[in-house]
Amino acid sequence: MPADLLAGLNPEQLRAVTWPAKSALVLAGAGSGKTRVLTTRIAWLLSTGQASPASILAVTFTNKAAREMQTRLSAMLPVNTRQMWIGTFHGLCNRLLRVHYRDAGLPQTFQIMDSGEQMSAVKRLIKQLELSDEKFPPKNVVGFINSNKEAGYRADKVQAIDPYTRKLAEIFAAYDAQCQREGVVDFAELLLRAYELLSRNEALASHYRERFRHVLVDEFQDTNRLQYAWLKLLAGRDNALFAVGDDDQSIYAFRGAEVGNMKSLLADYGVEAPVRLEQNYRSAGNILAAANALIEQNDGRLGKNLWTDAGEGEPIRLYEAFSDNEEAEFVCDEVRALSRDGWDLSDLAVLYRSNAQSRALEHALVNAGIAYRIYGGLRFFERQEIKHALAYLRLVSSPDDDNALLRVINVPARKIGARSVEQLQAASREQGITLWQAACAGGAGRGAVAGFVMLIESLRAERERLNLAEMISLIIDRSGLRAMYEADRKDGEERLANLDELVNAATGFVADEPGMEVVEFLTAASLEAGEHQAEAGEDALQLMTVHAAKGLEFGGVFVTGLEEGLFPHENSLSDRKGLQEERRLMYVAITRARRRLYLSCAQSRMLHGQSRFPIRSRFVDELPPALIHTLSAPKPAPAARQAAWLNETPAWAKAKPAAAGGFSIGQSVSHAKFGLGVVVNAEGGGDEVRVQVNFAEHGLKWLDLRYAKLSAC
DNA sequence: CTCAGACATCATTCC
DNA sequence: GATGTCTGAG
């Protein structure tokens with residue numbers, strides 16, 4: 001074995017890496033060398049002859065992490081990583097289903113729907129079933145379907161006691177039937193189908209159990225019930241399930257993740273205690289101390305305390321801006337200063353809770369001339385022009401995909417309006433055929449629909465002759481997409497560039513299986529929607545959500561928008577579990593930083609087209625004050641501040657500046673119980689006026705002026 | 001019957 | 001801000 005393989009590992013890391021060939025849970029704090037442990041573990045198993053490459057199954061949460069593991073591994077050992085199965089849950093399940101598509105009851109060319117496509121499939125279904133989307137909001141229906149699938153339940157297994165849930169279960173069943181008819185699978189289905197494939201087919205399951213003696217899982221705290229069941233199926237009784245995770249970084253409960261899986265694993269596999277990796281190699285002492293203090297406020301933790309032998313480092317910097325725009329300017333100023341001091345822009349990240357916040361930042365960055373790169377948000381493969389082109393590609397490959405057909409049948413506009421589409425849908429429903437079949441049958445010979453059928457047929461006729469890139473290029477030309485965007489003066493140019501980029505991506509694409517180029521390309525587009533753009537190497541400031549930042553680290557980090565209602569998000573304020581997840585999110589944000597950490601909030605923020613006047617996030621106040629250095633904003637006098645607020649007041653407030661029972665927005669007031677505050681909002685009229693006051697001590701309160709004793713000061 | 005523009009509505013986080 | 005629905009012109 002390469003002698004230096006284990007060199008430089010600390011005792012806990014060493015214990016994890018050289019753990020005997022049995023199941024284990026590694027509790028790996030942020031920055032504790034988790035990825036290194038995982039890859040070194042694999043390398044150690046291989047180089048000591050305990051495992052062959054083919055016996056390794058490693059699951060990560062992003063494709064990026066999977067690639068990184070592969071790269072690191074091949075750097076450590078001269079080993080053929082192709083024999084190992086390394087990938088995401090979704091990627092691996094897809095692989096399984098492609099190999100055993102018959103046993104899984106799927107067409108060979110089944111396609112994967114992303115969440116947007118799933119949503120439109122459900123909307124279409126609800127309309128078809130003639131249900132009101134008032135009573136069955138598509139969003140809720142999608143949530144119902146996904147959460148059941150993630151828990152391992154099909155429609156017939158759903159716990160349905162009340163009539164409403166029974167109806168939902170019916171829709172669920174109809175949805176699955178529709179997907180089956182159209183040969184498409186959603187993300188959750190990918191997992192459930194693969195699970196059922198193995199659980200119903202003992203021969204297959206034992207084949208894979210024989211093969212994968214070592215199952216390793218990264219980010220185990222983010223697995224859902226179904227994923228854990230899938231892992232258990234593969235690991236069986238005898239194989240080694242080696243899970244690495246951090247309960248404090250569990251931030252995906254909203255998509256079904258169960259931190260409880262960590263405790264379950266200990267019980268299910270008779271693991272006495274987790275291996276704890278608590279030495280942090282990433283962050284300076286102060287940053288770590290802040291993170292520890294914050295996360296301690298959560299309960300039910302497995303428990304762990306990160307430490308470092310690095311020095312305290314710099315204090316954490318806190319900045320309270322007047323407005324979201326001013327916060328963005330602050331970020332720009334600091335970034336420029338850091339850049340002057342020799343920091344690489346790419347070593348700096350601006351984090352936020354929700355994507356919408358990037359707007360103000362982008363605006364300021366453009367003005368300041370600072371190069372930046374946004375991760376997530378509108379991903380490449382989710383842009384409409386790309387989705388259009390891919391929908392055509394799907395139709396060429398499998399015309400029965402109703403979703404794809406509906407997406408492009410009238411894009412660009414070709415005189416097939418809502419009415420014609422309805423007729424097609426009626427025909428398809430009555431005769432039990434797909435839209436494509438209905439289009440072929442009904443519109444034969446005449447009309448716009450026939451023209452569309454001919455277009456698709458003419459493209460299909462070229463399938464054999466053209467390679468993938470040529471096909472996409474042909475689609476863009478012949479469908480009229482190119483002409484449509486050429487005529488679009490607003491952002492047609494950018495969209496055309498993206499389409500060219502799509503052709504480029506297809507040019508380099510090599511399929512694993514001959515003849516499967518289209519299917520594999522579309523699969524990659526669905527499963528790697530976000531990870532395409534993140535590559536390019538230019539030195540640029542990194543912008544992303546806190547979720548997207550998980551697993552990454554930066555020399556300097558700005559955590560922005562630290563306001564009640566934003567971070568923690570208002571939808572999570574009401575329940576305890578939600579709030580604890582928000583706190584873990586904050587923990588993740590803080591622990592991304594190596595040397596310098598900025599926290600910022602704003603006293604006014606445009607949200608959903610309205611000015612809001614939030615108060616500072618509780619998370620800021622949960623940090624030890626001694627660690628924090630508050631940067632003084634160029635504080636204008638109270639009068640000027642009021643003016644600044646008034647400038648952003650909604651129209652109604654300007655229209656009736658003194659309407660709120662004698663109080664106006666921005667006015668300082670005092671209250672017998674709550675003390676001093678500032679009026680930030682008002683509603684009502686006549687003698688039923690309510691005002692919202694931001695109290696220095698007690699935060700935001702709505703007060704009814706009929707009862708509250710409020711006085712100007 | 002289609003289409004473009006006006007209008008309303010609703011907003012986390014993501015594989 | 002993006003998306004869905006409505007309306008009047010053609």
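Here is the naming used below: chain letters follow the sequence lines, and residue numbers restart at 1 for every chain. All of these numbers come straight from a predicted model, not from anything done at the bench.
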On DNA chain B, more 5' by nearest nucleotide between A/Arg419 and A/Leu607 is A/Arg419
Margin query: By the 4.0 Å heavy-atom rule, please label A/Arg353 as base, sugar-phosphate, or nothing.
Written below: base
| Hey, does A/Asp114 reach any base, or is it just sugar-phosphate, or nothing, if we go heavy atoms under 4.0 Å? | nothing
**Q.** Validation row: A/Val546, A/Phe567 side chains within 4.5 angstrom (heavy atoms)
**A.** yes
Per nearest nucleotide of DNA chain B, the residue lying toward the 5' end, A/His90 or A/Ser354, is A/Ser354
For this session: For the residue pair A/Arg618 and A/Leu573, establish whether any side-chain heavy-atom pair is separated by less than 4.5 Å.
Result: yes
Between CD of A/Glu528 and P of B/dC14 the distance, given in whole Å, is 17 Å
| At under 4.0 Å between heavy atoms, what does A/Ile416 touch on the DNA or RNA strands: base, sugar-phosphate, or nothing? | sugar-phosphate
If you look at every strand shown and take non-hydrogen atoms under 4.0 Å, does A/Arg414 touch a base, only sugar-phosphate, or nothing?
sugar-phosphate
Against the side chain of A/His608, the closest entry in B/dC3, C/dA2, B/dA11 is B/dA11
* **Any side-chain heavy-atom pair of A/Val185 and A/Gln111 under 4.5 Å** => no
State plainly whether the residues A/Lys387 and A/Asp114 are in salt-bridge range, i.e. N to O under 4.0 Å. yes
query: Should the pair A/Asp218-A/Lys34 be classified as a salt bridge under the 4.0 Å nitrogen-to-oxygen rule?
result: yes
> Is the shortest side-chain N to carboxylate O distance from A/Arg353 to A/Glu563 below 4.0 Å?
Replying inline: no
Do we count A/His569 as stacking onto B/dT12 if the rule is ring centres under 5.5 Å and planes under 30°? yes
A/Leu573 CG to B/dT12 C1', in whole Å, measures 12 Å
ask   = Would you say A/Phe89 stacks on B/dC15, if stacking means ring centres under 5.5 Å apart and planes within less than 30 degrees?
value = no
To the nearest angstrom, the CD-P distance between A/Gln118 and B/dC14 comes to 16 Å
Indicate whether OP1 or OP2 belonging to B/dC1 is found under 4.0 Å from a side-chain N or O atom of A/Gln423. yes
N or O in side chain of A/Thr62 less than 4.0 angstrom from B/dC15 OP1/OP2: no
Regarding the side chain of A/Arg379, the nearest nucleotide among B/dA11, C/dA2, B/dC14 is B/dC14
Testing B/dT13, B/dC15, C/dA2 for proximity to the side chain of A/Arg359, the answer is C/dA2
Atom NZ of A/Lys149 and atom P of B/dC15 are separated, to the nearest Å, by 19 Å
Of the candidates B/dC14, B/dT12, B/dC15, the side chain of A/Ser572 sits closest to B/dT12
- Has A/Ser420 got a side-chain N or O lying under 4.0 Å from the OP1 or OP2 atom of B/dT2? yes
Atom CD of A/Glu362 and atom C1' of C/dG1 are separated, to the nearest Å, by 13 Å
Looking at A/Asn355, I'd like to know whether one of its side-chain N or O atoms comes within less than 4.0 Å of OP1 or OP2 on B/dC14. yes
Exercise. Looking at A/Asn410, does any N or O in its side chain come under 4.0 Å of the phosphate oxygens OP1/OP2 on B/dT2?
Worked result: no
ask   = How is A/Lys123 classified with respect to the nucleic acid when contacts are heavy atoms under 4.0 Å: base, sugar-phosphate, or nothing?
value = sugar-phosphate
From NZ of A/Lys139 across to C1' of B/dC14 the rounded distance in Å is 14 Å
Atom CE of A/Met119 and atom P of B/dT12 are separated, to the nearest Å, by 11 Å
Rounded to whole Å, CG of A/Asp133 lies from P of C/dT5 at a distance of 7 Å
